[in-house]
Amino acid sequence: MENEDRTRDATEVHTEQRALAQLPVVLALADAGKLRVSAATRKPTAATMRLLETVLPGGEFYANEPISGFAWPLLLQAGGLADGPRMALTSRGCTALSKDPALVLKGLWERWLKAGIIDEFSRIEAIKGQRSANVLSALKPRRQLAAEGLRLLTEDSWTPVDALFAKMQALGMDPKIERTEMRLWKLYIEDPQYGSLGYEGYSDWSLLQGRYVLVLLFEYAATLGLVDVRYVPPEGARSDYTNQWGGEWLGRLSRYDGLQEVRLTPLGRLCLA
């Protein structure tokens with residue numbers, strides 16, 4: 001009953017038109033020299049994310065919680081549309097200004113799957129130890145396998161994210177986060193010893209693979225208009241981490257925990273084709 005109440009109170013965003021409206025704004029900002037990213041990490045600066053939250057049509061999914069504002073600069077770089085710390089438009093980016101926006105969005109998704117700038121799992125900051133050597137699995141096959149989950153969605157109905165997780169598991173679609181079981185001990189919440197995810201029962205599918213799928217869906221697929229989303233505030237939205245040592249002190253494991261349901265858009269179907 002509690003989950004039904006949360007879904008009933010969820011915010012619903014139809015993302016395709018939102019993405020079609022946001023794309024030219026982001027390109028225009030880059031063309032005007034208004035966007036900045038770190039030269040070392042290629043991630044957007046705090047000022048850039050604040051600017052995008054203010055000017056993007058439809059705004060952010062959550063106030064003061066960059067999701068699309070974080071994703072857009074990375075997507076432009078991965079797509080070869082902008083480059084450098086000042087996010088200067090490339091020749092491809094200049095062409096995109098006058099190109100069919102739907103085709104540009106499709107190209108950005110395809111390029112992200114092949115050459116995304118970051119490991120999306122790094123956005124689950126509450127799970128520590130990710131930077132230890134040889135802990136995380138190879139990114140490109142993991143990302144592409146997680147993206148195959150979109151093929152389990154339809155345009156006709158909403159799919160609860162936990163139902164999507166169950167379908168993926170049943171079909172053997174397992175974008176494992178850790179490179180080996182031994183490396184799983186390096187991942188932890190709060191404390192590297194007591195909060196290690198290597199303990200039996202401390203690394204459920206939804207906690208690791210599921211969180212990775214949530215990031216990919218919410219931050220990238222939804223930003224690009226491939227999936228409509230229904231979501232609630234992330235605090236207290238999921239309880240799969242609260243039995244972990246230190247987890248009971250966290251209001252949420254990630255900013256993506258509030259994603260409740262997803263639905264494929266016509267643009268999403270085009271991208272899958």
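Owing to the predicted nature of the structure, the values given are computational and were not obtained by experimental measurement.
When side chains are defined from C-beta on, Trp205 counts as touching Pro175, because their heavy atoms get closer than 4.5 Å. The side-chain heavy atoms of Leu207 and Gln244, taken from C-beta on, include a pair separated by under 4.5 Å. Tyr256 is not listed as a side-chain neighbour of Leu217, based on a closest heavy-atom distance of 4.5 Å or more. The shortest distance between side-chain heavy atoms of Tyr62 and Arg255 does not fall below 4.5 Å. Proximity of Cys271 to Glu110: side-chain heavy atoms (C-beta onward) are nowhere separated by under 4.5 Å. Residues Glu60 and Ile67 meet the side-chain proximity criterion, which asks for heavy atoms closer than 4.5 Å. Ile117 is not listed as a side-chain neighbour of Thr41, based on a closest heavy-atom distance of 4.5 Å or more. Side-chain contact between Met87 and Gln77 is present, with heavy atoms from C-beta onward closer than 4.5 Å.
Nearest heavy atom pair, residue Ala19 against residue Leu105, reads CB-CD1, 3.9 Å. Taking both residues in full, the closest heavy atoms of Leu224 and Leu267 are given as O-CD2, 3.3 Å, listed atom of the first, atom of the second, then distance. Of all heavy-atom pairs spanning Leu113 and Ala147, the tightest one is CD2-CB, 3.6 Å. When all heavy atoms of Leu253 and Ala126 are compared, the closest pair comes out as O-CB, 3.4 Å. Nearest heavy atoms, Ala222 versus Thr15: O-CB, 3.3 Å. The two residues Pro44 and Gly69 make their nearest non-hydrogen contact at CG-O, 4.0 Å.
No single ILVMFWY cluster, assembled from side-chain heavy atoms under 4.5 Å apart, contains both Leu136 and Met182. Both Leu139 and Leu145 are members of a single hydrophobic cluster when ILVMFWY side chains are connected at heavy-atom separations under 4.5 Å. In the hydrophobic clustering of this structure, Leu250 does not group with Tyr188; members are Ile, Leu, Val, Met, Phe, Trp, Tyr whose side-chain heavy atoms approach within less than 4.5 Å, directly or through other members. Under a hydrophobic-cluster definition in which Ile, Leu, Val, Met, Phe, Trp and Tyr are linked whenever side-chain heavy atoms come within less than 4.5 Å, directly or via other members, Trp158 and Leu150 are assigned to different clusters.
For Phe70, the ring-ring contact (aromatic ring centres under 6.0 Å, His included) test picks out no residue, with sequence neighbours left out. Remark: Arg42 pairs with no residue by the salt bridge (Lys or Arg N to Asp or Glu O under 4.0 Å) rule, at least two apart or across chains. Judged as a salt bridge (Lys or Arg N to Asp or Glu O under 4.0 Å), and not counting sequence neighbours, Asp191 has no contacts. With sequence neighbours excluded, no residue satisfies salt bridge (Lys or Arg N to Asp or Glu O under 4.0 Å) with Arg86. Taking Arg143 as the reference, Glu120 meet the salt bridge (Lys or Arg N to Asp or Glu O under 4.0 Å) condition, with sequence neighbours excluded.
Screening residues 157-179 for salt bridge (charged side-chain N to carboxylate O under 4.0 Å, His left out) gives Asp162-Arg238, Lys176-Glu178 as the qualifying pairs, with residues at least two apart or on separate chains. Under the ring-ring contact (aromatic ring centres under 6.0 Å, His included) criterion, the residue pairs touching residues 79-131 are Trp112-Tyr220, with sequence neighbours excluded. Sorted by first and then second residue, the ring-ring contact (aromatic ring centres under 6.0 Å, His included) pairs with a member in residues 18-59 form an empty list; sequence neighbours excluded. For residues 26-55, the set of pairs meeting the ring-ring contact (aromatic ring centres under 6.0 Å, His included) definition, not counting sequence neighbours, is empty.
With a 6.0 Å cutoff to the six-membered ring centre and a 45° limit on the axis angle, Arg142 counts as a cation-pi contact of Tyr212. With Phe61 as the aromatic partner, Arg18 meets the cation-pi criteria of under 6.0 angstrom to the ring centre and within 45 degrees of the ring axis.
Distance CG/Leu164 to CD/Gln169: 10.0 Å, rounded to 0.5 Å. Separation of atoms CZ (Arg269) and CG (Leu226) is listed at 11.5 Å; rounding is to 0.5 Å. For the atom pair Ile127 CD1 and Ile177 CD1, the distance stands at 8.0 Å (nearest 0.5 Å). Considering OG1 of Thr223 and CG of Leu23, their distance stands at 12.0 Å, rounded to 0.5 Å.
Counting Ile, Leu, Val, Met, Phe, Trp and Tyr side chains that sit under 4.5 Å apart, directly or through other members, Tyr202 shares a hydrophobic cluster with Trp185, Tyr199. Clustering of Ile, Leu, Val, Met, Phe, Trp and Tyr by side-chain heavy atoms under 4.5 Å joins Tyr194 with Trp245, Trp249.
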For Ser239 and Thr242: C-alpha separation, side-chain torsions, deciding distance, then whether side-chain hydrogen bond (donor to acceptor under 3.5 Å, both in side chains) applies. CA-CA 5 Å; Ser239 60; Thr242 54; 5.0 Å; no

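Judged by distance alone, the side chains of Glu16 and His14 never bring a donor and an acceptor atom under 3.5 Å apart.
The pair Lys106-Asp100 fails the salt-bridge criterion, with no side-chain N (NZ, NE, NH1 or NH2) lying under 4.0 Å from an Asp/Glu carboxylate O. In summary, Arg211 and Asp257 engage in a salt bridge, as defined by a charged side-chain N under 4.0 Å from a carboxylate O.
Not a single donor-acceptor pair under 3.5 Å links the side chain of Arg252 to the backbone N or O of Pro233. Of the possible polar contacts, one joining the Thr90 side chain to the Gly80 backbone as a donor-acceptor pair under 3.5 Å is found.
Within 6.0 Å of atom CD in Glu181, 12 or fewer heavy atoms from other residues, nucleotides or ligands are found, so the atom counts as exposed in its surroundings.
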Please table the atom pairs, donor to acceptor, closer than 3.5 Å between any side-chain atom in residues 45-57 and protein atoms at least two apart or in another chain.
{"unit_1": "Thr45", "atom_1": "OG1", "unit_2": "Thr48", "atom_2": "N", "d": "3.2"}
{"unit_1": "Thr45", "atom_1": "OG1", "unit_2": "Thr48", "atom_2": "OG1", "d": "3.1"}
{"unit_1": "Thr48", "atom_1": "OG1", "unit_2": "Arg36", "atom_2": "N", "d": "2.8"}
{"unit_1": "Thr48", "atom_1": "OG1", "unit_2": "Arg36", "atom_2": "O", "d": "3.1"}
{"unit_1": "Glu53", "atom_1": "OE2", "unit_2": "Asn64", "atom_2": "N", "d": "2.8"}
{"unit_1": "Thr54", "atom_1": "OG1", "unit_2": "Arg50", "atom_2": "O", "d": "3.0"}

